[in-house]
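Below is one structure; the comments refer to it alone.
What you see is a predicted model, and the numbers here were worked out from it, not measured in a lab.
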2 protein chains.
Amino acid sequence: MIGTAYIVDDDEAIRDALTWLFKSRMVASRAWHSAEAFLADWRNDLRGCLVLDVRMEGMSGLELFDLLSERGSHMPVIFLSGHGDIPLAVAAVKKGAFDFVEKPFNDNELVDRVIQALAFDASRQERRAGQASLETRIEQLTPREREVMARILDGKYNKVIADELNIAMRTVEVHRARIFEKMGVKSAVELAQLLSGRR
Amino acid sequence: MIGTAYIVDDDEAIRDALTWLFKSRMVASRAWHSAEAFLADWRNDLRGCLVLDVRMEGMSGLELFDLLSERGSHMPVIFLSGHGDIPLAVAAVKKGAFDFVEKPFNDNELVDRVIQALAFDASRQERRAGQASLETRIEQLTPREREVMARILDGKYNKVIADELNIAMRTVEVHRARIFEKMGVKSAVELAQLLSGRR
DNA sequence: CGCCGGGTTGCGGATATCCACAATGGCTTC
DNA sequence: GAAGCCATTGTGGATATCCGCAACCCGGCG
């Protein structure tokens with residue numbers, strides 16, 4: 001399994017139990033005693049899932065979740081809670097938490113959820129890989145080409161684009177050809193299909 | 001407020017309380033004593049939200065929710081539960097429930113949630129209005145025009161389309177012009193933008 | 001039968017796009 | 001300063017698209 005279970009819990013007994021549990025199930029894990037400590041090590045390119053205690057001294061698990069979301073993280077999060085607090089669970093899931101598990105938890109069940117979360121993150125990364133190559137292609141367009149492309153996607157004629165940019169039609173044609181080449185398409189329609197949804 | 005709160009609960013006391021509550025807050029409502037009874041009256045064009053008891057004799061609220069989802073309903077659902085069952089609440093929200101409220105509920109809070117749900121449904125309907133007119137436009141294309149359009153969206157030249165359909169290029173041009181006219185666009189690129197996401 | 005809509009086709013000209021060949025000027029990098 | 005990338009433009013021809021005008025075939029409908 002690719003990815004690591006990142007555990008954040010202020011209860012050492014829980015941390016040790018989880019660490020042992022994951023190790024025994026061949027799931028890579030790492031644990032922190034507080035949200036703040038975890039944040040110090042956080043990087044946006046980490047792969048895996050989070051296992052967060054809801055209530056902790058200092059920053060709570062939910063606050064950590066919100067903070068990471070703001071920072072652009074989409075890593076799946078499994079919350080652990082020792083209190084049967086339904087509104088809290090509902091709020092967490094509505095915000096996009098992957099799951100919400102009550103303590104005491106069933107070992108097998110928790111590991112299952114974690115593996116699901118790891119798989120989810122892995123597939124999300126994969127999906128982004130395809131997009132990334134698209135992004136990459138867009139990035140290798142020159143600024144001028146991007147200007148032209150935007151206008152092509154507006155369905156404008158080369159002549160109109162030339163007028164708007166105050167350049168010769170021929171120049172637009174050159175840009176157009178380069179755009180098609182770099183983007184790997186053969187027509188404006190394909191380009192529109194490729195980039196639809198974006199913007 | 002547009003839309004009605006559709007209540008399904010097998011406890012008459014709850015039904016009466018909810019009906020009274022909604023009436024006093026100027027929220028239209030209607031109540032059923034069972035999922036089965038509600039289904040008999042269900043139509044897919046109803047506007048509003050559902051307030052479902054999780055546990056009922058016969059079909060449960062969750063089962064009703066699943067069934068309606070299968071039947072294409074996207075009406076927001078607020079679950080009522082008298083049991084502090086977190087896994088149930090989490091499952092419901094993950095499936096797309098609008099909210100999950102514990103009994104006994106706070107009147108103001110519940111009404112707030114219901115109003116939110118009604119507003120959500122209303123805005124969803126609005127968004128669909130634009131799409132509907134698009135569907136309408138597509139529907140008024142002749143079968144042949146739809147065949148041609150599909151190929152235009154593949155970025156094929158008129159010549160190629162003519163070959164594939166074994167007709168003259170001129171005919172394709174005529175179809176093409178009619179398609180653009182009916183769809184209200186001026187170029188193939190606009191058409192692609194318009195229909196991207198679909199198909 | 002006449003009318004109408006859908007599908008079809010031809011002609012011809014106005015516009016656009018596609019492209020190979022060729023060239024200039026600005027800017028950065030080594 | 002040479003090399004390279006970017007942006008720019010021109011010429012000219014091959015292809016495509018865009019459209020008005022005109023016409024034919026066919027099936028459904030009153």
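Considering only side-chain N and O atoms, B/Thr171 lies under 4.0 angstrom from the phosphate OP1 or OP2 of C/dT9. Between B/His175 and the phosphate of C/dT8, there is a side-chain N or O to OP1/OP2 separation shorter than 4.0 Å. One finds a side-chain N or O of B/Lys159 lying less than 4.0 angstrom from the OP1 or OP2 phosphate oxygen of D/dA16. Phosphate contact (OP1/OP2 of C/dA16, side-chain N/O of A/Asn158, threshold under 4.0 Å): absent. Close to C/dT8, at under 4.0 Å from its OP1 or OP2, lies a side-chain N or O of B/Arg144. At the phosphate of D/dT11, neither OP1 nor OP2 sits under 4.0 Å from any side-chain N or O atom of A/Arg170. For B/Thr142 and C/dG6, the shortest distance from a side-chain N or O to OP1 or OP2 is not below 4.0 Å.
Crowding of B/Gln140 atom CD: a count of heavy atoms from other residues, nucleotides or ligands under 6.0 Å exceeding 12.
Applying the ring-ring contact (aromatic ring centres under 6.0 Å, His included) test to A/Phe100 and every residue at least two apart in sequence or in another chain returns nothing.
Atom CZ of A/Arg176 is separated from atom C1' of D/dT8 by 18 Å (rounded to the nearest Å). Atom CD of A/Glu147 is separated from atom P of D/dA7 by 9 Å (rounded to the nearest Å). Taking atom NZ on B/Lys186 and atom P on D/dT17, their separation rounds to 15 Å, with Å as the unit. Counting to the nearest Å, the P atom of C/dT8 and the CG atom of B/Leu165 are 8 Å from each other. For B/Tyr157 and D/dA14, the OH to P distance is 17 Å, given to the nearest whole Å. Following rounding to the nearest Å, A/Leu191 (CG) and C/dT17 (P) show an atom-to-atom distance of 14 Å. Taking atom CE on B/Met169 and atom C1' on C/dG13, their separation rounds to 14 Å, with Å as the unit.
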Scan the side chains in residues 86-97 of chain A for donor-acceptor partners under 3.5 Å anywhere in the protein, sequence neighbours excluded, and list what turns up.
| residue | atom | partner | partner atom | Å |
| --- | --- | --- | --- | --- |
| A/Lys94 | NZ | B/Phe98 | O | 2.9 |
| A/Lys94 | NZ | B/Asp99 | OD2 | 3.3 |
| A/Lys95 | NZ | A/Asp66 | OD1 | 3.4 |
| A/Lys95 | NZ | A/Asp66 | OD2 | 3.0 |

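Judged by atom type and distance alone, A/Glu173 reaches the base of C/dC19 through a side-chain donor-acceptor pair under 3.5 Å.
Between B/Pro143 and A/Ser187, the residue anchored nearer the 5' end of DNA chain C, judged by the nucleotide with its closest heavy atom, is B/Pro143.
Ring planes of A/Phe38 and A/Tyr6: tilted class, angle from 30 to 60°. A perpendicular orientation is assigned to the rings of A/Phe79 and A/Phe65, their planes being inclined by more than 60° (bins at 30° and 60°).
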